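A quick note: this is a predicted structure, and the numbers were derived from the prediction, not measured.
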Amino acid sequence: MSNYNIPEYANPQRGLTTRDDGHFFYGDFSEGFDFPKHKVRPHRHPYFEIFYFPAAQGQYLADFITYDLEGACLVVVSPGQIHGWPHGHLLKGHMLAFDETFLADHGQHEDLLIRPPLFYEPNSSSVLPLPENSLIPSRIQCIASEYGSDSCDTLTALRSLLSLLIIEAHRVNPHQAPTTSPASTRIYQQFLKLLGRDISEKHLPGDYAAALGVSTDYLSQCVRQNCGHGAGTLVRRRTTLEAKRLLAHSSLTIAEIAYQLNFKDPSYFSRFFKNQVGCLPNAFRSQAEGASSAS
């Protein structure tokens with residue numbers, strides 16, 4: 001991540017209190033987020049964020065996709081995702097930030113909650129329009145009330161309330177995951193985590209299958225059951241996304257990016273990128289620089 005010329009924030013909001021040694025944060029910005037300039041521009045962080053906007057007006061940028069925000073909606077940000085808030089000063093709402101340890105270290109089934117397609121799938125929509133009868137607003141209010149409480153077992157209550165909020169978010173997500181076996185879903189989820197962590201080193205489905213202790217055929221079967229595509233397709237998509245990120249947000253040369261992504265031949269990297277994106281890496285970089293200058 002040190003190759004990126006964009007900031008990574010380890011703390012959700014400096015100067016504001018967190019719970020559980022910084023593993024959970026809630027912020028009430030119903031009077032306006034008033035994002036500082038560095039938080040409006042593209043950035044990333046190593047934790048999850050969930051934003052609730054009762055009446056959104058603005059935009060959300062996530063990995064080269066711009067989403068128009070309108071009405072009541074939920075925005076989900078996964079760790080490592082490059083995102084920003086054009087016109088962020090128009091947004092009013094609530095923010096939750098947490099990492100997996102907040103749930104995992106205390107017996108919560110985080111693998112059943114922090115799952116795709118809501119989390120970890122960088123190409124899926126992370127903006128959820130909310131129906132009028134959504135339970136999300138009441139879940140948020142319960143979290144807000146508990147967060148400011150000094151009662152006993154507050155952290156236990158917050159973990160349970162966060163779990164209920166995530167379950168409700170899965171329910172309102174229009175991109176529902178197919179019904180598969182728990183074992184298949186778990187392999188798929190672990191595969192997505194490894195993709196996000198190891199894409200610079202592993203470019204073959206067999207590499208990920210070995211890391212997960214399963215056969216390549218079984219990995220591909222699990223991936224296809226959960227998203228309709230083979231493991232190789234997801235590896236290529238994630239490699240392409242990482243290449244785009246480095247081209248748009250780093251000063252590395254095309255050759256350095258190729259080597260960073262474990263391509264032994266920069267010319268092969270350029271052919272791979274053009275086949276996936278439709279243009280050569282230097283053309284994509286020029287387009288990204290032009291878009292950044294215009295914003």
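In the displayed structure, Y268 atom OH is contacted under 6.0 Å by at most 12 heavy atoms of other residues, nucleotides or ligands. Counting heavy atoms of neighbouring residues, nucleotides and ligands inside a 6.0 Å radius, atom CD of E256 exceeds 12 of them.
F48 and F119 have their aromatic ring centers within a separation under 6.0 angstrom. Between F53 and Y60, the ring centre distance reaches or exceeds 6.0 Å. The aromatic ring centres of H45 and H83 sit less than 6.0 Å apart.
Judged purely by atom type and a 3.5 angstrom limit, S134 has no side-chain atom pairing as donor or acceptor with the backbone of L130. Of the possible donor and acceptor atoms, one in the side chain of N226 sits under 3.5 Å from a partner among the backbone N and O of C222. When atom types are taken as modelled, the side chain of S145 and the backbone of Q141 share no donor-acceptor pair closer than 3.5 angstrom. The main-chain N or O of D150 is never found under 3.5 Å from a side-chain atom of T154 such that the two would form a donor-acceptor pair. The backbone N or O of I82 sits nowhere less than 3.5 Å from a side-chain atom of R44 that would complete a donor-acceptor pair. With hydrogens and angles disregarded, a donor-acceptor distance shorter than 3.5 Å links the side chain of R285 to the backbone of L247.
L280 is not connected to L246 by any chain of hydrophobic side-chain contacts under 4.5 Å among Ile, Leu, Val, Met, Phe, Trp and Tyr, and they are in different clusters. The hydrophobic cluster containing V172 also contains L74, counting ILVMFWY residues as joined when their side-chain heavy atoms lie under 4.5 angstrom apart, directly or transitively. L155 and L165 fall within the same hydrophobic cluster, where Ile, Leu, Val, Met, Phe, Trp and Tyr residues are linked whenever their side-chain heavy atoms come under 4.5 Å apart, directly or through other members. In the hydrophobic clustering of ILVMFWY residues, with side-chain heavy atoms under 4.5 Å counting as a link, Y67 and L61 come out apart. L135 and V76 fall into different hydrophobic clusters, where Ile, Leu, Val, Met, Phe, Trp and Tyr residues are linked whenever their side-chain heavy atoms come under 4.5 Å apart, directly or through other members.
Annotation: side chain of H229 is not in contact with side chain of R224 (no heavy-atom distance under 4.5 Å). A heavy-atom distance below 4.5 Å is found between the side chains of V75 and W85. Contact of the S126 side chain with the V77 side chain is not registered, since no non-hydrogen atoms from C-beta on lie closer than 4.5 Å. R236 has its side chain out of reach of T239: every pair of non-hydrogen atoms, C-beta onward, lies at least 4.5 Å apart. Inter-residue side-chain proximity for L192 and L234 is flagged as met; some heavy-atom pair is nearer than 4.5 Å. A 4.5 Å side-chain heavy-atom check between D207 and V235 finds every atom pair outside the cut-off. In this structure, the side chains of V277 and K244 come closer than 4.5 Å at one or more pairs of heavy atoms. Residues F272 and L261 fail the side-chain proximity criterion, which asks for heavy atoms closer than 4.5 Å.
Using a 3.5 Å distance cut-off with no hydrogens or angles, the side chains of D28 and S30 do pair a donor with an acceptor. Checking S184 against Q225 by side-chain atom types alone, a donor-acceptor pair falls below 3.5 Å. A donor atom on one side chain and an acceptor atom on the other are found under 3.5 Å apart for D68 and Q59. Remark: the Y26 side chain and the H94 side chain contain an N/O donor-acceptor pair separated by less than 3.5 Å.
The minimum heavy-atom distance between F24 and L162, with the atom names listed, is CE1-CD2, 4.0 Å. For the pair N262 and S200, the tightest heavy-atom approach, listed with the atom from each and the gap, is CB-O, 3.2 Å. Taking each heavy atom of R245 and D63 in turn, the nearest pair found is NH2-OD2, 2.7 Å. The two residues H23 and F102 have their closest heavy-atom pair at O-CB, 3.7 Å. Nearest heavy atoms, D198 versus Y208: O-OH, 3.6 Å. The two residues H203 and F263 come nearest to each other via the heavy atoms CE1-CE1, 3.6 Å.
Q287 CD to N282 CG: the interatomic distance, rounded to the nearest 0.5 Å, is 10.0 Å. For the atom pair CZ of F284 and OG1 of T240, the computed distance is 10.0 Å after rounding to the nearest 0.5 Å. For the atom pair N133 CG and I136 CD1, the distance stands at 11.0 Å (nearest 0.5 Å). Distance CG/N173 to CG/L128: 5.0 Å, rounded to 0.5 Å. Taking CZ from R238 and NZ from K202, the interatomic distance works out to 13.5 Å, rounded to the nearest 0.5 Å. With rounding to the nearest 0.5 angstrom, the CD atom of E168 is 9.0 Å from the CG atom of L164.
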Output, in order, the C-alpha distance, side-chain angles, deciding distance and verdict of ring pair (Phe, Tyr, Trp, His ring centres under 6.0 Å) for F25 and F98.
CA-CA 6 Å; F25 167 83; F98 59 96; over 10 Å; no

Salt bridge (charged side-chain N to carboxylate O under 4.0 Å, His left out) assessment of R237 paired with E242
CA-CA 9 Å; R237 286 181 177 177; E242 195 64 19; over 6 Å; no

Going through the distances and angles, do Q221 and D217 end up as a side-chain contact (heavy atoms from CB on, under 4.5 Å)?
CA-CA 6 Å; Q221 175 185 325; D217 288 344; over 6 Å; no

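P205 meets the side chain to side chain contact (heavy atoms under 4.5 Å, CB included) test with T216, A231; sequence neighbours excluded. By the side chain to side chain contact (heavy atoms under 4.5 Å, CB included) test, L212 is found to be paired with I187, Q190, F191, L194, V214, L219, residues two or more places apart in sequence or in another chain being considered.
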